[in-house]
Amino acid sequence: NKFLAYAGMSWLTDKSLNLEEIKKNSLKNEQQFQLKGRFEHWNTSLGGYYFNGGHNLVGIRKLVEILAERAELPFTKTFLAFSARSSAEIQQSVKIFETNRNLFGKIYLTKFNHSKAYDGPMVAAEGTEQVADWKKILSQNSAQEKILVTGSYYFVGEVQKFLSPFFNS
């Protein structure tokens, strides 16, 4: 896609393509570009929040791999909610979080109100706390905490909407 965009601009401006320049600019732009919900960081009066949409087993394993390499972490708390999927997959996902508790701090399992949210029974998980009102827990956090919000991208969006009034620019 990037190449086609550059080729189009080259044709429109009658300038020749410089492949080395395209590679250099593409790499620079990728490093500056960040997708919503992919290690997005917000400082709020309710803590430092990191958002990562680790919504399936592959994504959660990748999250663990990345966090194991980041020295500035672990988190003090992790909030985890899923979109619609099987209970077995959710159980496996939660197990990965439990196994890597040293990276995630206290783990809160919750649900959220969305048409694509998981609506089955809460997954029983040793070492995690199941909370019905995640907004209440978030509103009690302190500015010194490092909090991960992960799982469903829909959940990440709901939490961001809730936190937006507390955002420190």
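Here, residue 1 is the first one in the sequence, and each next residue gets the next number.
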*Asks:* Test of understanding: with side-chain hydrogen bond (donor to acceptor under 3.5 Å, both in side chains), list the residues that count as partners of Lys95, not counting sequence neighbours.
*Replies:* none

*Asks:* Between Leu46 and Ile147, is there a side-chain heavy-atom distance shorter than 4.5 Å?
*Replies:* no

*Asks:* Would a 4.5 Å heavy-atom cut-off, applied to side chains only, mark Phe79 and Ile137 as touching?
*Replies:* yes

*Asks:* By the salt bridge (charged side-chain N to carboxylate O under 4.0 Å, His left out) test, which pairs, at least two apart or in different chains, include something from residues 79-93?
*Replies:* Arg85-Glu89

*Asks:* Which heavy atom of Ser83 sits nearest to which heavy atom of Ser152, and what is that distance?
*Replies:* N-CB, 3.4 Å

*Asks:* Would you check if Ser93 and Leu57 make a side-chain contact, meaning some heavy-atom pair closer than 4.5 Å?
*Replies:* yes

*Asks:* Less than 4.5 Å apart, side chain to side chain, heavy atoms only: is that true for Val94 and Leu80?
*Replies:* yes

*Asks:* Could you tell me whether the side chain of Val149 reaches within less than 4.5 Å of the side chain of Trp134, counting heavy atoms only?
*Replies:* no

*Asks:* Taking the six-membered ring for Trp, are Tyr50 and Trp42 closer than 6.0 Å centroid to centroid?
*Replies:* no

*Asks:* If you look only at distance, which donor and acceptor atoms sit under 3.5 Å apart when one is on a side chain in residues 102-109 and the other is two or more places apart or in another chain?
*Replies:*
residue, atom, partner, partner atom, Å
Lys106, NZ, Glu129, OE1, 2.9

*Asks:* For Val156 and Gln160: C-alpha separation, side-chain torsions, deciding distance, then whether side-chain contact (heavy atoms from CB on, under 4.5 Å) applies.
*Replies:* CA-CA 6 Å; Val156 167; Gln160 287 178 330; 4.0 Å; yes

*Asks:* Hey, what do you get for OG1 (Thr44) to CD (Glu145), rounding to the nearest 0.5 Å?
*Replies:* 10.0 Å

*Asks:* Once rounded to the nearest 0.5 Å, what's the spacing between atom CD1 of Ile60 and atom CD of Gln92?
*Replies:* 10.0 Å

*Asks:* Give the minimum heavy-atom separation between Thr128 and Arg101, together with the two atoms involved.
*Replies:* N-NH2, 3.9 Å

*Asks:* Please report, to 0.1 Å, the donor-acceptor pairs under 3.5 Å made by any side chain of residues 118-127, with sequence neighbours excluded.
*Replies:*
residue, atom, partner, partner atom, Å
Tyr118, OH, Ser87, OG, 2.9
Tyr118, OH, Pro121, O, 3.0

*Asks:* Quick one: side-chain hydrogen bond (donor to acceptor under 3.5 Å, both in side chains) pairs with a partner in residues 135-144, sequence neighbours left out?
*Replies:* Tyr49-Asn141, Lys77-Asn141, Ser142-Gln144

*Asks:* Do side-chain atoms of Thr150 reach the backbone of Asn52 as a donor and acceptor pair under 3.5 angstrom?
*Replies:* yes

*Asks:* To the nearest 0.5 angstrom, please state how far the CG atom of Leu138 sits from the CZ atom of Phe166.
*Replies:* 9.5 Å

*Asks:* If you look only at pairs with a residue in residues 107-117, which of them pass as a salt bridge (charged side-chain N to carboxylate O under 4.0 Å, His left out), with sequence neighbours excluded?
*Replies:* none

*Asks:* NZ/Lys62 to CG/Asn56 distance, rounded to the nearest 0.5 angstrom?
*Replies:* 13.0 Å

*Asks:* Does atom OH of Tyr154 have more than 12 heavy-atom neighbours from other groups under 6.0 Å away?
*Replies:* no

*Asks:* Locate the shortest heavy-atom distance separating Ala117 from Phe112; write the atom from each residue and the value.
*Replies:* CB-O, 3.3 Å

*Asks:* Provide the closest heavy-atom pair for Thr110 versus Val131 in the form atom of the first, atom of the second, distance.
*Replies:* OG1-O, 2.8 Å

